[in-house]
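Any value given below was found using the heavy atoms of this structure, including those in side chains, with hydrogens, waters and symmetry copies removed. In this text, all values refer to a predicted model and were calculated from it rather than measured experimentally.
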Amino acid sequence: MPNASSTVPQPEVSALEASSHHFHLAADRLELPDDLRTLLLTSYREVEVAIPMRLSDGRIHTYSGYRVQHNSDRGPFKGGIRFHPTVDLDEFRALAATMTWKTALVDLPFGGAKGGVNCDPAQLTKPELEQLTRLLTQRIDKVLGPNEDIPAPDVNTDAQVMAWMMDEYGKTHGYTPAVVTGKPIALGGSLGRDTATARGLLFAFREAARSIDLDPAQATVVIQGYGKVGGWLARLLRAEGARIVAVCDVTGAIRCESGLDIAALDAHVYSGSSLASFRGEDVEPIEIDELYATPCDVFVPAALGGMINAGNVHLLNCRMVLEGANGPMTPIADEELSQRGVLIVPDLLANSGGVVVSYFEWVQNQQHLRWEEEEVNQRLAQIMQRAYGEVASRASTTTTTLRTAAYELAIERVVEAARLRHAI
């Protein structure tokens, strides 16, 4: 079977164009003047650095490292570190802006940032990955800090990468656990952080399901992307009683109309076997287009941006799209699904559980304490339920989509902070 991602059509717009599109839709409704729009769309600081490394092949490879800091009117910059061969400055601009709106929407005292390196971690040894992480940290050290800019894991980075970043930063600044979040528990990480994004999606799903009279225990779900977010969400939804009828990752896609045995699938993947090679009763390998076309109640894009686009949106056969990834749907696809009456729970709201628990970790580090996992999950549920209620109320009152309502609320909160700080 071909690589599942290779058959997906390329998005018709860039991540930056898509982010700006949604911003302007909301800004038009808020009647924001052009000068204020320009201010809100312009990054505060953009850092690009060269990272030369001699790898095991004996050659010197020069990577590009980035850190884009978009806005800090509501608090320190906050956003992930992404290692992926296709990343560039425009992608990080879009992702950093999205973080600004996301933290504002869930009312955290943070701004937005994003960064990373244009590398393929799968082609690096563990020592090479550590060296790359430490070199990146050295080069962007001056713009980081627990009250300045706090990175977190993102695509192809994890708790180990955060541990290396914290340690490298500490060589110059002393022990500073609050400089990054998503760390190992032994180094000041928060209980519940590994499941936070998926658990936040679960809480958002519960709220959204009520609005379309869907019983979560009876729901059928397709998950595109089976990594840190998609995999955990599958486990949590299965525990709710939902049936996961199809999933995919970069190795391929599988389907089971009666519902996949998630525990068996996880054991298969953890053993080192590919997801696409998993077999069981009624499990069949499928092409990626068949995954998109699988009838379901809920479709969850939980991989990279732009994966639902003009080339495949017509295939979707669902009642709800729950956005687990950042920017997984292009504006054209968003408009078509909305016109078809599909409920779209936007990334700004749906996948904010990760940054919410990152905030909890930061608070715990600053106060030198640790909350029990039950407390973390309860606090997360409260924030997600409140945020969903605010967005749904705004959408109903102003007759718009959840996405536009989310952007409106977020933009209003950033504008308020900017006006109070700068008298603009």
key: Ionic contact status for E48 with R139, cut-off 4.0 Å   = no
Derivation and outcome, salt bridge (Lys or Arg N to Asp or Glu O under 4.0 Å), residues D261 and R238 = CA-CA 9 Å; D261 183 337; R238 188 69 195 93; over 6 Å; no
request  = Please round to the nearest 0.5 Å and tell me the distance separating atom CG of L136 and atom OH of Y66.
outcome  = 11.5 Å
request  = State the SG-CG distance between C119 and L132, to the nearest 0.5 angstrom.
outcome  = 5.0 Å
ask   = Any chance CD of E416 has more than 12 other-residue heavy atoms, nucleotides or ligands included, within less than 6.0 Å?
value = no
ask   = Just checking, R379 and W371: is the charged tip under 6.0 Å from the six-membered ring centre and within 45° of the axis?
value = yes
query = Is the backbone N or O of M384 less than 3.5 Å from a side-chain atom of E207, with the two atoms forming a donor-acceptor pair by type?
reply = no
query = Going by heavy atoms in the side chains, are F299 and I223 under 4.5 Å from each other?
reply = no
query = So which heavy atom on I150 is nearest to which on G145, and how close?
reply = CG1-O, 3.7 Å
ask   = Between the main-chain N or O of E91 and the side-chain N or O of D88, is there a donor-acceptor pair closer than 3.5 Å?
value = yes
task = Check the pair V117, I51 against side chain to side chain contact (heavy atoms under 4.5 Å, CB included), reporting the backbone distance first and the verdict last.
result = CA-CA 9 Å; V117 181; I51 306 176; 4.1 Å; yes
message = Distance check, rounded to the nearest 0.5 Å: F205 atom CZ versus M320 atom CE?
response = 5.5 Å
query = Given Q378 and E373, is the side chain to side chain contact (heavy atoms under 4.5 Å, CB included) satisfied, shown in steps?
reply = CA-CA 9 Å; Q378 288 175 347; E373 186 168 359; over 6 Å; no
SB check K78 D149 (cutoff 4.0 Å) = no
ask   = After noting the C-alpha distance and the side-chain angles of D107 and R74, does the key distance pass the salt bridge (Lys or Arg N to Asp or Glu O under 4.0 Å) rule?
value = CA-CA 9 Å; D107 203 17; R74 287 176 50 85; 2.9 Å; yes
task = Assess the side chains of S358 and R193: does a donor N or O sit below 3.5 Å from an acceptor N or O?
result = yes
inquiry  = Nearest 0.5 angstrom please: Y169 OH to T137 OG1, how far?
reply    = 11.0 Å
With a cut-off of 3.5 Å and sequence neighbours excluded, list every side-chain donor-acceptor pair involving residues 336-346.
{"unit_1": "S338", "atom_1": "OG", "unit_2": "D334", "atom_2": "O", "d": "2.9"}
{"unit_1": "Q339", "atom_1": "NE2", "unit_2": "E335", "atom_2": "OE2", "d": "3.4"}
{"unit_1": "R340", "atom_1": "NH1", "unit_2": "V313", "atom_2": "O", "d": "3.2"}
{"unit_1": "R340", "atom_1": "NH2", "unit_2": "L316", "atom_2": "O", "d": "2.5"}

ask   = Is a side-chain donor or acceptor of T404 paired with a backbone partner of T401 at a separation under 3.5 angstrom?
value = no
With Y63 via ring pair (Phe, Tyr, Trp, His ring centres under 6.0 Å) - residues at least two apart = none
task = Provide the closest heavy-atom pair for P121 versus N156 in the form atom of the first, atom of the second, distance.
result = CG-CB, 3.7 Å
task = Report the C-alpha distance between F360 and L380 in whole Å, list the side-chain angles of each, state the deciding distance to 0.1 Å, and finish with yes or no for side chain to side chain contact (heavy atoms under 4.5 Å, CB included).
result = CA-CA 9 Å; F360 295 163; L380 173 60; 4.3 Å; yes
request  = Compute the centroid of each ring, for F203 and then for Y388, and state whether the two points are separated by less than 6.0 Å.
outcome  = no
query = Would D167 and R134 satisfy salt bridge (Lys or Arg N to Asp or Glu O under 4.0 Å), going step by step from the backbone distance to the final call?
reply = CA-CA 9 Å; D167 184 69; R134 290 183 181 276; 2.9 Å; yes
key: Test item: H70 side-chain N/O and L40 main-chain N/O as donor-acceptor pair under 3.5 Å   = yes
query = Do the charged groups of R93 and E17 touch, with an N to O distance under 4.0 Å?
reply = no
query = Once you round to the nearest 0.5 Å, how far does NE2 of H314 lie from CG of D289?
reply = 7.0 Å
Extract all donor-acceptor atom pairs below 3.5 Å that involve side chains of residues 159-166 and protein atoms in other chains or at least two apart in sequence.
none

message = Under 3.5 Å, is there a donor on one side chain and an acceptor on the other for R37 and H24?
response = yes
ask   = Do Y292 and V222 touch side chain to side chain, with heavy atoms closer than 4.5 Å?
value = no
query = More than 12 non-hydrogen atoms from neighbouring residues, nucleotides or ligands closer than 6.0 Å to CD on E148, yes or no?
reply = yes
query = For the residue pair Y407 and H22, does the interplanar ring angle fall in the parallel (under 30°), tilted (30 to 60°) or perpendicular (over 60°) class?
reply = tilted
message = Between T251 (side chain only) and S274 (backbone N and O only), is there a donor and an acceptor less than 3.5 Å apart?
response = no
remark   = Scanning both residues in full, the closest heavy-atom pair of P146 with W362 reads O-NE1, 2.8 Å
query = Roughly how far apart are K114 NZ and M99 CE, rounded to 0.5 Å?
reply = 5.5 Å
Expected output: side-chain E128 to main-chain T125 donor-acceptor under 3.5 Å = yes
message = Treating N118 as the side-chain partner and V87 as the backbone partner, does any N or O pair qualify as donor plus acceptor under 3.5 Å?
response = no
Candidate pair R29 and T398, rule side-chain hydrogen bond (donor to acceptor under 3.5 Å, both in side chains), full reasoning = CA-CA 10 Å; R29 291 168 57 88; T398 62; 3.1 Å; yes
request  = Show your reasoning for whether side-chain hydrogen bond (donor to acceptor under 3.5 Å, both in side chains) applies to S43 and E46.
outcome  = CA-CA 7 Å; S43 301; E46 298 177 349; 3.2 Å; yes
task = Please step through salt bridge (Lys or Arg N to Asp or Glu O under 4.0 Å) for the pair E412 and R394, ending with a clear verdict.
result = CA-CA 12 Å; E412 284 179 342; R394 178 66 168 257; 2.8 Å; yes
ask   = Where do G188 and E361 come nearest, in terms of heavy atoms and distance?
value = O-CG, 3.8 Å
Side chain to side chain contact (heavy atoms under 4.5 Å, CB included) between L95 and R82, worked out = CA-CA 10 Å; L95 293 168; R82 176 174 294 199; 3.7 Å; yes
task = For D297 and T220, run side-chain hydrogen bond (donor to acceptor under 3.5 Å, both in side chains): C-alpha distance rounded to whole Å, both residues' side-chain angles, the deciding distance at 0.1 Å, then the answer.
result = CA-CA 5 Å; D297 294 310; T220 54; 3.2 Å; yes
key: Heavy-atom closest pair, residues P177 and N365   = O-OD1, 3.4 Å
message = Are F77 and F110, when compared by the centres of their aromatic rings, separated by less than 6.0 Å?
response = no
key: Beyond-backbone contact of V143 with V47, side-chain heavy atoms, under 4.5 angstrom   = yes
message = Main chain of T294, side chain of R255: is a donor-acceptor contact present, judged purely on distance under 3.5 Å?
response = no
task = Keeping the roles fixed (side chain from N71, backbone from Y44), state whether a donor-acceptor pair exists under 3.5 Å.
result = no
key: Side-chain donor or acceptor of H84 paired with backbone N/O of V155 under 3.5 Å   = no
Residue pair D266 / R235: nearest heavy atoms and the distance that separates them = OD2-NE, 2.7 Å
request  = For the pair N351 and E323, evaluate side-chain hydrogen bond (donor to acceptor under 3.5 Å, both in side chains) and give the outcome as yes or no after the intermediate values.
outcome  = CA-CA 7 Å; N351 69 26; E323 295 190 337; over 6 Å; no
